Asks: 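I have a structure here, written as structure tokens, and I will follow up with some questions on it.
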Amino acid sequence: MSNTPTERAPETDKPQRHFIQQIVDSDIESGKWGSPGDRSVVKTRFPPEPNGYLHIGHAKAIHISYGIAQEFGGTFNLRFDDTNPVKEETHYVESIAGDLEWLGAKWDGEIKYASDYFDRMYEWAMELIEKDLAYVDESTPEEIRSMRGSVEVPGTPSPYRVRPIEESKAQFARMKNGEFPDGSMVLRAKIDMASPNMNLRDPVMYRVLNAPHHRTGSTWHIYPMYDWAHGLEDSIEGITHSLCSLEFEDHRPLYDWFINAINTERDEPIHHPQQIEFARLAMSYTNMSKRYMRELVEGDHVSGWDDPRMITIAGHRRRGYTPKAIKDFVSIVGVTKFNAVMDVSRLEGAIRDDLNKRAPRRMAVLDPIKLVITNWGDGGDESRVEMMDVINNPEDDSAGKRSVKFGKELWIEREDFMIDPPKKFFRLGPDREVRLRCGYWVRCHDYETDSDGNVTTIHCTYDPETKGGNNPPPDEEGKVRKVKGTLHWVYAGDCVNAEVRLFDRLYNAEKPGKATGNHLDDLNPDSLVINTNAKIETSILERTPDEPDWVDGIRRFQFERIGYFCVDRESTIDAPVFNRTATLKDSWSKQNR
RNA sequence: AGGGGAUUGGUGUAAUGGUAGCACGGAGGUUUCUGGUACCUUUAGUCAGAGUUCGAAUCUCUGAUCCCCUACCA
């Protein structure tokens, strides 16, 4: 080695490769799965059990596996791991496939099912018995558990471990034929009852389960266990890189053992995929455990699995999230073996970034208060209506402008007016002047209150020289008048009354349930505020040409100065409903905390 | 007789024996007809201790902390 430090290569913009990409890179280079350099051999899969709904954590797994297949020009399978009929339903198959489609993960060919491979798995199991690598154990579940030992004490062999091969074969065949009751016996791999890896202490391969299966009906009376089935499913499909989460690290030796066991004394070995584990996603202020989500739904703490506050894919879709935002978020998260906890604000940031660029702007007043322009009739008709050109999206010139009505009576946001405002309040108050966005400048000279002191009406004068919201001409001394604030507004003579649903995070605690042991104790009572009195410009009722073609057909907007909203699936022309996807960043209220 | 993983600013993530970088957040500022956006400046880090080496986030050892594993669930 040289004594002088070597010159480091100049900084390149080479994209950083995560550890799984690096493994695949070197596999392609070495030709591990085909001829060296052939990238198209890469094959990955997403293998959900159809027993529940997908959440953001699944989106990470999907984008990792799908992303690898896509970037290498390989293939990606969607396979349902339907090996436990008592928990699985066709309904979940449909919802999961729908979620993948929405996320934009396109699987190759037909949807695959583990249950399609049950015959082959059975034959291979029989071969293992013949090789004296598996046996039928008629011990009770309790006996099996107690003989397994513990992490610190080795297990003890079952008396059935040494029974004749022919006997096991006969019993296994009878198991398949449905001759035994549930739980009466199992097929076990003969590995090592003293292994420090508990998974290797003669794991169960098949259990008796006289239950109908959502796809195979009543043909089977035995069902394979995950460890036996999963590697075989991957093998049958020719998966090269079987990506899963960290808790399966201890299962990898078993994954490999089963395939090697099948391949011993076999002329044509079956395909042997490589299992690679990565850290699953965790996020602050939420919990992705199936149990927690079920308790939220079944306890009516949310309206359903697609409640916009849920961490599910369906919930995010209804909330107005875009598939792109979720994909962007997942790529921010990265791929490592470190159990990181992502802050939810990063997900909120991802949807803001996307919607800021794409969402058309509209004006909507959530908590309306009447503003009357007292000099509107001066020199003309008081009922006069003017059309204002309003910009559709300042981030996108091609979105153009739209025409919005402006007249004597308007709605403005209640929080945009204060009777006795602090100095830094750049909005409306007595004797203050503001700009109404793309409208006119108005100055407040009076206001009315009800008996409780709540402001009911604001009286203003407008400056005809500020039409369109533009600066008035300079005065005699050449000075230009300025305003600090610009408010959104809706013309009271022509607007839509709508319901808006304002969502906030479901839990108040960073780790729900950590303090008391019950996540329901950390529920945020204000996670949903329904506002039925919002006023929105009428253009919102029908799709206009400036609205982008959202891939899922959901209409999304930015309500100026308020946040991002989408049309809820319950919305109708007569009763419009909008969901708040995210607020805008608000440095004013933050400053006042 | 336990085993398997992990640990880099507040957070997430690069650096694969040779300049600890990026993003988000925080702070300050510029622009702005959204207190949005954009832009600029700034802030802050290798779990600890030994060892190998000219040189260690990276290799070795010891320790600490966290996660996973004892379903006929996946």
Side-chain angles (χ1 to χ4, degrees), chain A residues 1-8 11 16-19 22 47-49 51 81 83-84 86-88 137 140-141 144-146 148-155 182-188 194-201 204-209 222-223 225-227 229-230 244-253 277 279 284 332-343 345-346 349 352-353 356-357 361 363 390-391 394-395 424-427 435-439 441 466 468-471 483-488 558-563 583-591:
Chain A
M1 193 177 279
S2 155
N3 273 354
T4 53
T6 51
E7 198 77 11
R8 184 194 251 196
E11 210 60 47
Q16 291 160 350
R17 311 281 290 158
H18 62 67
F19 80 100
Q22 292 180 33
E49 183 187 16
N51 71 343
D81 205 1
T83 57
N84 185 5
V86 301
K87 286 187 170 180
E88 298 156 6
D137 192 336
T140 65
I144 289 179
R145 191 182 318 127
S146 69
R148 185 153 28 226
S150 75
V151 290
E152 286 180 352
V153 345
D182 290 2
S184 54
M185 57 189 71
V186 292
L187 182 70
R188 288 230 257 173
S195 172
N197 182 344
M198 300 297 288
N199 296 117
L200 263 22
R201 317 247 263 230
V204 172
M205 297 165 63
Y206 277 94
R207 75 279 212 182
V208 176
L209 216 51
I222 54 172
Y223 289 92
M225 301 290 291
Y226 168 85
D227 285 303
H230 202 88
C244 61
S245 48
L246 241 34
E247 67 264 35
F248 292 103
E249 280 178 319
D250 286 345
H251 294 245
R252 187 174 357 110
E277 310 85 14
S284 60
I332 289 167
V333 169
V335 182
T336 68
K337 291 170 86 89
F338 175 62
N339 287 308
V341 179
M342 284 302 284
D343 200 299
S345 64
R346 293 300 281 266
R352 282 196 193 105
D353 280 352
N356 174 52
K357 290 193 182 68
R361 317 284 130 127
M363 291 205 281
V390 182
I391 195 161
E395 303 291 315
K424 287 212 162 170
F425 185 79
F426 303 146
R427 307 181 191 182
R435 176 192 352 258
L436 295 177
R437 181 151 165 87
C438 299
W441 290 21
T466 58
N470 294 314
N471 291 1
V483 282
K484 279 279 199 174
T486 299
L487 309 187
H488 61 280
Q558 183 197 101
F559 290 166
E560 293 218 35
R561 301 210 306 130
I562 299 176
T583 60
L584 252 36
K585 256 201 230 160
D586 186 357
S587 48
W588 163 242
S589 63
K590 200 166 82 177
Q591 183 182 106

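Reminder, nothing fancy here: chain letters follow the sequence lines and each chain counts from 1. This one's a predicted model, so the numbers in the text were calculated from it and none came from an experiment.
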Asks: Name the pairs: protein N/O against N/O of nucleotides 25-29 of chain B, kept only if under 3.5 Å.
Replies:
| residue | atom | partner | partner atom | Å |
| --- | --- | --- | --- | --- |
| G25(B) | OP1 | Lys585(A) | NZ | 3.3 |
| G26(B) | OP1 | Lys590(A) | NZ | 2.6 |

Asks: Not counting sequence neighbours, which residues clear side chain to side chain contact (heavy atoms under 4.5 Å, CB included) with Arg427(A)? List them please.
Replies: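 Here the qualifying residues are Glu415(A), Asp416(A), Phe425(A), Leu487(A), Arg561(A), Trp588(A).
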Asks: Can you sort out the partners of Arg188(A) under side chain to side chain donor-acceptor pair (under 3.5 Å), two or more places apart, ordered by chain and number?
Replies: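 By the side chain to side chain donor-acceptor pair (under 3.5 Å) rule, Arg188(A) matches Asp137(A).
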Asks: For RNA chain B, whose closest nucleotide is more 5', that of Pro47(A) or that of Phe19(A)?
Replies: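 Mapping each residue to its closest nucleotide by heavy atoms, the 5'-most match is Phe19(A).
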Asks: Considering every strand and a 4.0 Å limit on heavy-atom distances, what is the contact class for Val153(A): base, sugar-phosphate, or nothing?
Replies: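 Contact class for Val153(A): none.
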Asks: Between protein and nucleotides 71-73 of chain B, what N or O pairs are separated by less than 3.5 Å?
Replies:
| residue | atom | partner | partner atom | Å |
| --- | --- | --- | --- | --- |
| C72(B) | OP1 | Arg148(A) | NH2 | 3.3 |
| C72(B) | OP2 | Arg148(A) | NH1 | 3.4 |
| C72(B) | OP2 | Arg148(A) | NH2 | 3.2 |
| C72(B) | N3 | Gly183(A) | O | 3.2 |
| C72(B) | N4 | Ser139(A) | O | 3.2 |
| C72(B) | N4 | Pro141(A) | N | 3.3 |
| C72(B) | N4 | Gly183(A) | O | 3.0 |
| C73(B) | OP2 | Arg207(A) | NE | 2.9 |
| C73(B) | OP2 | Arg207(A) | NH2 | 2.9 |
| C73(B) | O3' | Arg207(A) | NH2 | 3.2 |
| C73(B) | O2' | Asn84(A) | ND2 | 3.0 |
| C73(B) | O2' | Lys87(A) | NZ | 3.4 |

Asks: Residues in side chain to side chain contact (heavy atoms under 4.5 Å, CB included) with Phe19(A), at least two apart?
Replies: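 Per chain and number, Phe19(A) pairs via side chain to side chain contact (heavy atoms under 4.5 Å, CB included) with Ile23(A), Ile276(A), Phe278(A), Val335(A), Lys337(A).
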Asks: N/O contacts under 3.5 Å, protein versus nucleotides 63-69 of chain B?
Replies:
| residue | atom | partner | partner atom | Å |
| --- | --- | --- | --- | --- |
| C67(B) | O2' | Asn339(A) | ND2 | 3.4 |

Asks: Let's see if you can work this out: which of U34(B), G2(B), U11(B) has an atom nearest to the side-chain heavy atoms of Arg346(A)?
Replies: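 Nucleotide nearest to Arg346(A)'s side chain: U11(B).
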Asks: Testing the 3.5 Å rule here: is there a donor-acceptor pair between the side chains of Glu152(A) and Ser150(A)?
Replies: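 Their side chains do not contain a donor-acceptor pair, so the 3.5 Å distance test is not met.
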Asks: Using a 4.0 Å heavy-atom cut-off across all strands, classify Glu277(A) as base, sugar-phosphate, or nothing.
Replies: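 Answer is nothing: Glu277(A) stays at 4.0 Å or more from every strand.
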Asks: What is the nucleic acid contact for Ala229(A), judged by heavy atoms within less than 4.0 Å: base, sugar-phosphate only, or nothing?
Replies: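 No contact at all - Ala229(A) keeps every heavy atom at 4.0 Å or more from the nucleic acid.
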Asks: Give one of base, sugar-phosphate or nothing for Glu249(A), where a contact means two heavy atoms less than 4.0 Å apart.
Replies: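 Touches sugar-phosphate only.
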Asks: May Phe338(A) be described as stacking on the base of A6(B), applying a 5.5 Å centroid limit and a 30° limit on plane angle?
Replies: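 Phe338(A) ring does not meet the centre or angle cut-off for A6(B); no stack.
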Asks: Any side-chain donor paired with an acceptor under 3.5 Å for Ser345(A) and Asp343(A)?
Replies: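 Yes, a side-chain donor-acceptor pair sits under 3.5 Å.
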Asks: Just jot down the side chain to side chain donor-acceptor pair (under 3.5 Å) partners of Arg17(A), sequence neighbours excluded, or say none.
Replies: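 Residues passing side chain to side chain donor-acceptor pair (under 3.5 Å) with Arg17(A): Asp25(A), Glu71(A).
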Asks: Tell me, please, which residues at least two apart from His230(A) pass ring pair (Phe, Tyr, Trp, His ring centres under 6.0 Å).
Replies: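 By the ring pair (Phe, Tyr, Trp, His ring centres under 6.0 Å) rule, His230(A) matches Tyr226(A).
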Asks: Output all residues satisfying side chain to side chain donor-acceptor pair (under 3.5 Å) with Gln22(A), sequence neighbours left out; order by chain, then residue number.
Replies: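 For Gln22(A), no residue satisfies side chain to side chain donor-acceptor pair (under 3.5 Å) once neighbours in sequence are set aside.
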Asks: Quick one: which protein N/O atoms are closer than 3.5 Å to N/O atoms of nucleotides 41-43 of chain B? Pair and distance per line, please.
Replies:
none

Asks: Give the dot-bracket line for RNA chain B from 5' end to 3' end: parentheses for intra-strand Watson-Crick or G-U pairs under 3.5 Å, square brackets for crossings, | for inter-strand pairing, dots for unpaired.
Replies: .((((((..((((....[..))))((((((.......))))))...(((((..]....))))))))))).....
Asks: Only counting residues at least two apart or in another chain, list the ones meeting side chain to side chain donor-acceptor pair (under 3.5 Å) with Arg346(A).
Replies: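 If we apply the side chain to side chain donor-acceptor pair (under 3.5 Å) test to Arg346(A), skipping adjacent residues, there are no hits.
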